[in-house]
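Just so it is clear, the model here is predicted, and its values are computed rather than measured. All values below were derived from every heavy atom in this structure, side-chain atoms included, with hydrogens, water molecules and symmetry-related copies excluded.
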Amino acid sequence: MVSNDSVALDSIAYFNEKFVPISEANINIMTHAFQYGTGIFEGIRGYWNNEEKQMYIFRMKEHYVRLTNNCKILMLELEKTPDELCKLTVDLMKKNKPSCDMYIRPNVFKAGLIIGPSLLNTNGRNPTALSIYTVPMGDYVDISKGLHVCVSSWTRLDDNALTPRGKIQGSYVNTAFAKTDALLNGFDDSIVLSQNGHVSEGSAMNLFIVRDGKLITPPVTSNILEGVTRDTIIQLAKNELELETEIREIDRTELYICDEVFFCGTGAQVSPIIKIDHRKVGNGQIGQISKKLQEIYFEVVRGRKHVYKNWLTPVF
Ligand code: PMP
């Protein structure tokens, strides 16, 4: 992940209902979310358009609607609406005066200074807090050369244990296991399977395969995060390439015999995969459909395709 730490350390964050220098945006070590992972987060990108000297935040409202819905899972009492969160984020971005691609990280979390994992806010002792910070971010994985990934020995969490749908802080330990093992074993990243052995998603991204010219992705009931980029790809494939996406379970061995595979996500963007578990995907080159979708995606997010401008929030 490319991030410019010196810029991030000087930045302004939203914390305790105010804009403060990030060095002052600190939590107490007794904080519930720090002890038990009881928070929900989001990851949103802002793309810098250098010709227009404009920052476009991509599908921000959809991210905040997801965050708001997920707060119900953790019984978090978020008092702001998605529109208010969007406005707050634009105000924060303005304060940080960015001129490169940025990543926005909102967290809604249980802020009580108490021992015990209950989500209840009994007598106001476990209130909800909101923080938002921004950091410069380039590519999360190398999207130019094609990735070599493995199928992880770590299983994706099940919905009825710790749902991946929720983007719950504590659930990312599962992601950390999958990503770390992949890196230690010399892979770029990993694909995780559900408890029933079907393909779920990437460590922190959704996944599509192409078989016989058909685009296929697992359903939202395969223990995936309901990705904003996944939805974007489904729409772009239909509108721009006249390709319908088949939504169905994918077997592990389909990964070995299909023509193309790619990851997608806010961080991962569109990341073609050329090898899985030492087997070439297709002919071992970046596939044509993956490449086209990647190109279209970057035109859209930087504001160069006018029909999709309603997905972008200009900051300036
Ligand atoms: N799955 C997981 C587990 C993720 O963390 C992410 C990144 N947010 C995604 C999928 C992709 O989701 P989105 O396109 O909304 O960023």
Mind checking salt bridge (Lys or Arg N to Asp or Glu O under 4.0 Å) for Lys280 and listing every partner two or more places apart, or none if nothing turns up? none
Tell me who clusters with Ile29, hydrophobic residues only, linked when side chains sit under 4.5 Å apart either directly or through other members. Phe15, Val20, Ile27, Phe34, Phe109
A quick test of your reading: do over 12 heavy atoms of other residues, nucleotides or ligands sit less than 6.0 Å from CZ of Arg248? yes
State whether a side-chain donor-acceptor pair under 3.5 Å links Asn70 with Arg165. no
Flag yes if more than 12 heavy atoms outside Glu79 fall under 6.0 Å of its CD atom; otherwise flag no. no
If you count the non-hydrogen atoms of other residues, nucleotides and ligands that lie under 6.0 Å from NZ in Lys72, is the total more than 12? no
Looking at Glu295, I'd like to know if its CD atom is crowded, meaning that more than 12 non-hydrogen atoms belonging to other residues, nucleotides or ligands lie closer than 6.0 Å. yes
Applying side-chain contact (heavy atoms from CB on, under 4.5 Å) to Thr232 and Tyr308, what does each step give before you reach the verdict? CA-CA 10 Å; Thr232 303; Tyr308 299 103; over 6 Å; no
Can you confirm whether Asn26 is buried at CG, in the sense that more than 12 heavy atoms of other residues, nucleotides or ligands lie under 6.0 Å from that atom? yes
Crowded around Glu17 CD? As in, over 12 foreign heavy atoms under 6.0 Å? no
Test log, rule side-chain contact (heavy atoms from CB on, under 4.5 Å), inputs Lys80 and Lys87: CA-CA 10 Å; Lys80 295 197 178 345; Lys87 176 162 184 321; over 6 Å; no
Going only through I, L, V, M, F, W and Y residues with side-chain contacts under 4.5 Å, is there a path from Val228 to Val90? no
Can you tell me how the ring of Tyr297 sits relative to the ring of Phe58, calling it parallel under 30°, perpendicular over 60° and tilted otherwise? perpendicular
What verdict does the salt bridge (Lys or Arg N to Asp or Glu O under 4.0 Å) test give for Glu51 and Arg304, after you've listed the backbone C-alpha separation in whole Å, the side-chain angles of each residue and the deciding distance to 0.1 Å? CA-CA 10 Å; Glu51 297 95 75; Arg304 299 191 178 121; 3.1 Å; yes
Verify same cluster id: Ile224, Phe208 (apolar side-chain graph, 4.5 Å): no
Derivation and outcome, side-chain contact (heavy atoms from CB on, under 4.5 Å), residues Lys305 and Glu240: CA-CA 11 Å; Lys305 262 198 178 293; Glu240 304 296 318; 3.5 Å; yes
Show your reasoning for whether ring pair (Phe, Tyr, Trp, His ring centres under 6.0 Å) applies to His278 and Phe187. CA-CA 10 Å; His278 305 280; Phe187 296 99; 5.3 Å; yes
Cationic N near anionic O, under 4.0 Å, Lys214 to Asp259: no
Residues Glu62, Arg66: salt bridge by 4.0 Å N-O rule: no
With Lys94 via salt bridge (Lys or Arg N to Asp or Glu O under 4.0 Å) - residues at least two apart: none
Keeping Asp158 on the side-chain end and Ser194 on the backbone end, is there a donor-acceptor pair under 3.5 Å? no
Mark yes or no for whether Lys179, through its side chain, and Ala176, through its backbone, hold a donor-acceptor pair below 3.5 Å. no
Remaining members of Ile274's ILVMFWY cluster at a side-chain heavy-atom cut-off under 4.5 Å? Ile286
Lys309 atom NZ, neighbour heavy-atom count above 12 within 6.0 Å: yes
Evaluation steps, side-chain contact (heavy atoms from CB on, under 4.5 Å), between Glu244 and Lys238: CA-CA 5 Å; Glu244 290 289 338; Lys238 184 173 177 191; 3.3 Å; yes
Is there a path of hydrophobic side-chain contacts, each under 4.5 Å between heavy atoms, that joins Met75 and Leu67? yes
I'd like to know if the side chain of Ser200 pairs up with that of Asn223 as donor and acceptor (distance under 3.5 Å, no hydrogens or angles considered). no
So, applying side chain to side chain donor-acceptor pair (under 3.5 Å) with Thr38, which one of His32, Gln169, Lys110 is it? His32
Are any side-chain N or O atoms of Gln269 and backbone N or O atoms of Cys264, one a donor and one an acceptor, separated by less than 3.5 Å? no
By the rule that ILVMFWY residues connect when side-chain heavy atoms come within less than 4.5 angstrom, directly or transitively, which residues belong alongside Leu225? Phe41, Tyr172
Would you call Lys95 and Asp91 a salt bridge, using N to O less than 4.0 angstrom? no
Asn49-Tyr56 side chain donor-acceptor pair, cut-off 3.5 Å: no
Going by side-chain heavy atoms closer than 4.5 Å, which hydrophobic residues are tied to Val173, directly or by a chain of links? Trp154, Phe177
